[in-house]
Amino acid sequence: MSTGSVEQGFEPDAIVVGAGLAGLVATYEATRAGKRVLVLDQENRANLGGQAFWSLGGLFLVDSPEQRRMGIKDSVELAWQDWQGSAGFDRTDTEPDGSPGQDHWARQWAEAYVRFAATEKRAYLRELGLKVLPFVGWAERGRGDAAGHGNSVPRFHLTWGTGPEVVRVFLEPVLAAEEQGLVRFGFRHRVDTLVKDGDAVVGVSGAVLEPSSAERGFASSRVEVDAFELRAPAVVVTTGGIGHNHELIRANWPADRLGPAPAHMISGVPAYVDGRGLAIAQAAGARLVNPDRMWHYTEGIHNWDPVWPDHAIRVIPGPSSLWFDATGQRLPAPNYPGFDSLGTLATIGATGYDYTWFVLTQSIIEKEFALSGSEQNPDITGKDLKVMLRARLAKGAPAPVERFKTDGLDFVVATSLEDLVDGMNAIVDGDSPARGPHLDAAVLRRQIEARDAELDNGFSKDFQLMAIANARRSRTDRLIRVAKPHKVLDPEHGPLIAVRLNILTRKTLGGVATDLSSQVVDGSGTAIPGLYAAGEVAGFGGGGVHGYNALEGTFLGGCIFSGRAAGRAIARN
């Protein structure tokens, strides 16, 4: 078996499997201590940083200077209350076979992560050169229960530079370490097996794939041209989750909580997010926990200019759009845009259909529609302040949003409700086979007019209007995120817009169980010598740091926190 050219003259102290964010952070921390690291990835060099590159770059911070400047009172105690209410850790008891509960390490990781977000996290990232915008967003506003799921206050800090900047601040020192001889990359090396000597993991083996010139994110060849086996005292698995593997998603779908798996799903991550690393780690003795916990979005739209297969973009909405199911019935409280992702997903599942509709106005789309992803926010990604101010404060929606409005297959624009509904029905008719029923304009009109009538005075029994009023108490929401309440059928705020929303696959919340040093544990709870895991493959820490629900801005942070723990553990050895 060939070892390939990556090992010639290079004896690594650690092999990192996966060149995404968690892998880069682990490599960065290990090389700071002078350790030699071999980084393997099945993709080419263009994909360094993995799916983090495509992200919006949101970070969960607690009691930050940005929050305080915006008048937001936060604390580690409040954040921990919110995290526990969202996570719902209920698998902490010892299993019948004597093994620790599936949430044993996950809960400890969660408590450590909330402390990290309230203390070291901001300074750690700023020292690397990462900055955040002064406005703090309010994601996952919750389901209306103070002790339950959701953020009590805004905590979503947007990186100045989005996902590429988060990747850059770790990639640049890793590339510098490569020039110094501390790092070597093995691209197009697909790891298939973890090599063991007794109980310890001592290396990896797999296939060398044919060279690929594919651009970042595009699907690449899986043709094998060689095999390899490589060894090191430590192996860190950072291979990501199952977000593009719809077969695995359906196999693990929690139908008891979320209803039946959708017949139609679109992918919020590239094709290489295939979940293979989970099975590879399990075959080496790693314990997999909480496989039924996952994070998908209900506001997915088909990308008019796709990179990967079934490329989906998430609409990150403000709270004002009216949300209707496939039959034209308004979703019940508290299923409002941006409040409770999985709760709304379960509500949609109960309808028997796998899509919904937003109905909104031009005034709402201009202020409230953001699109997730670095490529959909070129002004922030490019760190161009003048362009950002011009794009965000000028009349009209940001250019990427307007492009989707004109070219996106899920969008309808009309000056009358009847014409809008005709366009919505045309979208349904365009599906083969049809995914749902025709809508009745009279049914929508009755519900919209009832909501609009609530705006005739300053009081309302409409819970969504109450939620909008609460949102506008936040300075960020009032200034740049939430439109001034108005009647949807008022032509002065038109035209009317409808958006078909699909289920968008994204994150794996369960995964490989790890202790607080990111060392992988087996079924009995014993650490496996030489084996570590970080990032999404480890449920962002411990096999499921989020529990059942995420508070948003926590996925990149989970990769950073768990990758840092793995790299520092290697540095100590």
Side-chain angles (χ1 to χ4, degrees), residues 20-22 49-61 64 66 117 121-122 125 130-141 151 154-170 216-217 240-241 243 266-270 273 295-301 303 305 307-308 311-318 337-338 341 365 367-385 387-388 391-392 397-401 403-404 476-477 480-481 501 504-507 535-536 540 546 550-560:
L21 179 59
Q51 60 178 303
F53 179 91
W54 300 99
S55 75
L56 187 60
L59 295 171
F60 176 92
L61 296 174
S64 70
E66 290 77 20
K121 183 179 179 181
R122 184 177 182 276
L125 294 173
L130 193 70
K131 297 179 180 179
V132 297
L133 291 173
F135 302 106
V136 184
W138 198 354
E140 283 299 296
R141 300 167 193 241
N151 285 295
R155 298 190 175 105
F156 190 89
H157 296 67
L158 184 59
T159 299
W160 183 230
T162 69
E165 182 72 357
V166 178
V167 170
R168 181 194 68 80
V169 300
F170 290 102
R216 180 187 292 274
I266 51 181
S267 300
V269 293
V273 186
W295 189 256
H296 306 302
Y297 292 110
T298 56
E299 310 98 336
I301 54 177
N303 194 346
D305 186 22
V307 174
W308 53 82
H311 188 170
I313 298 295
R314 184 201 174 198
V315 175
I316 305 178
S341 291
I365 202 172
K367 196 157 189 178
E368 296 197 8
F369 259 44
L371 300 175
S372 182
S374 55
E375 79 280 21
Q376 302 301 330
N377 295 273
D379 51 343
I380 302 174
T381 300
K383 298 190 292 185
D384 192 320
L385 183 59
V387 171
M388 185 191 76
R392 307 284 163 162
V401 174
R403 189 64 186 268
F404 267 89
T476 297
D477 279 354
I480 64 171
R481 194 71 178 101
L501 304 173
L504 178 156
T505 63
R506 185 59 66 84
K507 297 296 181 185
E536 192 173 351
F540 302 94
H546 297 94
L551 289 175
E552 291 288 33
T554 55
F555 298 126
L556 295 178
C559 290
I560 292 167

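All residue numbers in this chain count up from 1 along the given sequence.
- Closest heavy-atom contact between Leu21 and Ala52: CB-CB, 3.8 Å.
- A cation-pi arrangement, defined by a distance under 6.0 Å to the six-membered ring centre and an angle within 45 degrees of its axis, is present between Arg314 and Tyr297.
- Counting all heavy atoms, side chain and backbone alike, Arg122 lies closest to Ser64 at CD-CB, 4.4 Å.
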Checklist line | Verdict with supporting geometry, Ser374 and Thr162, side chain to side chain donor-acceptor pair (under 3.5 Å) | finding: CA-CA 6 Å; Ser374 55; Thr162 69; 4.6 Å; no
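- Within the 6.0 Å centre-distance limit, the rings of Phe555 and Phe540 are counted as a close aromatic pair.
- With hydrogens and angles disregarded, no donor-acceptor distance shorter than 3.5 Å links the side chain of Asp384 to the backbone of Ile380.
- Here the shortest heavy-atom pairing between Val273 and Gly241 reads CG1-O, 3.5 Å.
- Here Lys367 does not pair with Asp477 in a salt bridge; the nearest charged N to carboxylate O distance is not below 4.0 Å.
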Checklist line | Verdict with reasoning, Ser267 to His311, per side chain to side chain donor-acceptor pair (under 3.5 Å) | finding: CA-CA 5 Å; Ser267 300; His311 188 170; over 6 Å; no
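- When all heavy atoms of Gly57 and Thr159 are compared, the closest pair comes out as O-OG1, 2.6 Å.
- A salt bridge links Lys383 and Glu165; the closest N-O separation between the charged side-chain nitrogens and carboxylate oxygens is under 4.0 Å.
- With salt bridges taken as basic N to acidic carboxylate O contacts below 4.0 Å, none links Arg155 and Glu552.
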